[in-house]
Amino acid sequence: MQAKEYAKDVALLLKDSDTSVRDSAAKALGNMQAKEYAKDVALLLKDSNYSVRDSAADALGNMQAKEYAKDVALLLKNSDTSVRNSAARALAKLGKQDLSVITQILEAVLRSYPEERGTPRFLAHFLSAGEPNIQILLQWVGSPKTIPNKPSYEDGKKALEIFDKTWKVLNESTPLLRQELAEAIAKVVGLKIWKAGDINILQSHYNNLKGYTQAEAVKSVIQNLEYWKWIFAAKDTILIHITFWLALIFAYPKFPQVQAIFFWNPWVRRILGMGYVGFLLTWVPFFRRKLLEPFKFSLLADAGLDNFNPAGYFLESNVQIPPETLQPLQGESARQRRWGRQTQIN
C-alpha cells in the first residue's frame, strides 16, 4: 500500500534520532516515489550510518531524482560495499548523466581495487548513453586497459578539447582523476602533430596544469609552435612583398603614376623595396628591359634604323658580313642579332 497522502508525516521522521527510523522513513518515501521530499532524503546521503546512506540512495533512485545524481555518485567511493552497490543501482535508475557525474564515477574507478574496476567503468559507459565525447574520454582515463596508439591529428585535437572541458568540472573530490587526466594530456600533447593554430587549446591546458609536472611538456610544445609561427608569418610577408613588386613591374610601362611614385623615386625603391628591388632592377636583364620599356621609342628614334646600311657601315674594315646573314634591325632584339651573328675575317 502506497499511502502517499501520509508522505508529509513520514518525511518528518527523516530527522529522527533513531537510525532505524530514519532508514525506514527513507525507504518508505522511496517506495511512494514522493519526489517532493527528495531534498530531505538527499541530506541522508551523508548520514553517519551506512544503512541510512544505503536506503537514501535507493530512495532517490526510485524517486527519479536526477538532480541528485552527483551526490549519489559520491557514494561510489564509500568504503562500505552495500552503500556502493546501492549508489550504483540508484544511478542506473536515474538514466543518462552528464560529465560532472561521469567524472565522479571515474574517480570511484581509480579508488577501487584493480579487480573491482570493471563494474564502475561499465556504469560510466552505461550512463553516458553512448555520448561521443564521453566515450572518447573513457578511452584515455578511468584506468582503461589500453589507450589509443598514435591517433590522427583530428582525433588528437578532439581529445584535447574534451580534456579541457573535463578539467573544468573537476574539483577537490577528484584528485586521482585529475592526476590521470594530466598524464593523458601530456601523452596527447607529446604526439608532435600540432599546428600553430592549436596554440590556444595548448595554452589552456598549460594554464590548467600549473602545479603539475606535465605542464612543462605542454609549455615546450607551445614554444616550439610559436617559433614556427613566426617563421611562417615571415615567409608569408616576403611572398606578399614579392608579389606586390612584381605586379608593379608589370604595371609600370602603362601607368605613369606607378612610374613616378615607385620607380623614379629612389627613396621609395630603397625603403619599400627592402634593398633587393633596386638590385634586381639593375642586374636582372628581364627587369632591366621592363624598366627601360617606356623609353624604347625615344631611344631608337635617334638611331635612324630605317636608313641604316649594314653593308657599308665599316667601309675601311677587314670585317665583312655575308649577304645571306643580313636582316633588318628592329629595336633591342635587332642589336642583339647584330652583335651575335657570325663574322668572317679575311
Side-chain angles (χ1 to χ4, degrees), residues 10 13-35 37-129 134 137-138 140-145 166 169-181:
V10 174
L13 300 178
L14 295 173
K15 299 179 180 179
D16 196 276
S17 59
D18 190 291
T19 299
S20 62
V21 173
R22 296 197 303 275
D23 181 64
S24 298
K27 289 179 180 177
L29 290 172
N31 292 332
M32 294 177 187
Q33 298 182 352
K35 189 177 179 181
Y37 298 104
K39 181 178 180 181
D40 302 298
V41 173
L43 294 175
L44 297 182
L45 294 174
K46 298 180 180 180
D47 196 276
S48 58
N49 183 271
Y50 77 91
S51 180
V52 175
R53 297 195 298 272
D54 191 328
S55 297
D58 276 329
L60 291 171
N62 292 332
M63 292 175 180
Q64 291 291 295
K66 198 169 184 176
E67 62 271 30
Y68 296 103
K70 187 174 181 179
D71 301 298
V72 174
L74 290 173
L75 293 183
L76 292 173
K77 296 177 281 186
N78 196 277
S79 59
D80 189 88
T81 302
S82 65
V83 173
R84 296 198 301 272
N85 291 338
S86 294
R89 288 195 303 269
L91 287 170
K93 293 177 182 178
L94 296 178
K96 182 180 179 180
Q97 299 298 324
D98 61 16
L99 190 59
S100 64
V101 176
I102 299 299
T103 54
Q104 292 297 332
I105 298 173
L106 293 177
E107 178 71 16
V109 170
L110 298 177
R111 295 193 182 204
S112 303
Y113 292 111
E115 62 273 14
E116 297 177 352
R117 289 176 177 175
T119 299
R121 267 193 67 84
F122 170 77
L123 186 62
H125 279 285
F126 177 73
L127 294 179
S128 71
I134 294 179
L137 179 67
L138 289 171
W140 293 93
V141 297
S143 191
K145 290 183 178 179
T166 302
V169 303
L170 301 181
N171 52 43
E172 64 279 357
S173 67
T174 54
L176 297 181
L177 183 57
R178 270 190 174 184
Q179 182 60 47
E180 189 182 42
L181 184 57

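The basis for the numbers below is simple: all heavy atoms, side chains too, and nothing from hydrogens, waters or symmetry mates.
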Grab the two heavy atoms, one from L138 and one from A124, that are nearest each other, plus how far apart they are. CD2-CB, 4.1 Å
Any heavy-atom pair between the side chains of L99 and L137 that's under 4.5 Å? yes
Minimum-distance pair of heavy atoms, taken over all atoms of A65 and K35: CA-CE, 3.8 Å
CG on L60 to OG on S86, rounded to 0.5 Å: 11.5 Å
Nearest heavy-atom neighbours spanning I134 and Q97: CD1-O, 4.3 Å
Interatomic distance, CD1@I105 vs NE2@H125, rounded to 0.5 Å, equals 11.0 Å
Should the pair D58-K27 be classified as a salt bridge under the 4.0 Å nitrogen-to-oxygen rule? no
Pairwise side-chain contact, D98 with V169, heavy-atom cut-off 4.5 Å (strictly under): no
When you compare the side chains of Q104 and K77, does any donor N or O come within less than 3.5 Å of an acceptor on the partner? yes
Which atom of G142 lies closest to which atom of V109, heavy atoms considered: O-CG1, 3.5 Å
Quick one: pull up CG in N171 and OG1 in T103 and give me the separation to the nearest 0.5 Å. 7.5 Å
R22 (side chain) donor-acceptor with L13 (main chain) under 3.5 angstrom: no
Are P144 and E180 side-chain neighbours, meaning at least one heavy-atom pair lies under 4.5 Å? yes
Under 3.5 Å, side chain of S24 to main-chain N/O of V21, donor-acceptor pair present? no
Considering all heavy atoms, the nearest F126-A92 contact: CE2-O, 4.0 Å
Within this structure, what is the CG-CG distance for the pair L14 and L43, rounded to the nearest 0.5 Å? 8.5 Å
Any heavy-atom pair between the side chains of L181 and T174 that's under 4.5 Å? no
With respect to S20, which candidate in D16, D18, D23 satisfies the side chain to side chain donor-acceptor pair (under 3.5 Å) definition? D18
Might you point out which heavy atoms bring R117 and S143 nearest each other, and give the distance in Å? NH1-OG, 3.1 Å
Taking the side chain as every heavy atom from C-beta outward, state whether V10 and M32 have any atom pair closer than 4.5 Å. yes
In this structure, CD of Q64 is separated from CG of L94 (nearest 0.5 Å) by 6.0 Å
For the atom pair CZ (R84) and OG1 (T119), what is the distance rounded to the nearest 0.5 Å? 10.0 Å
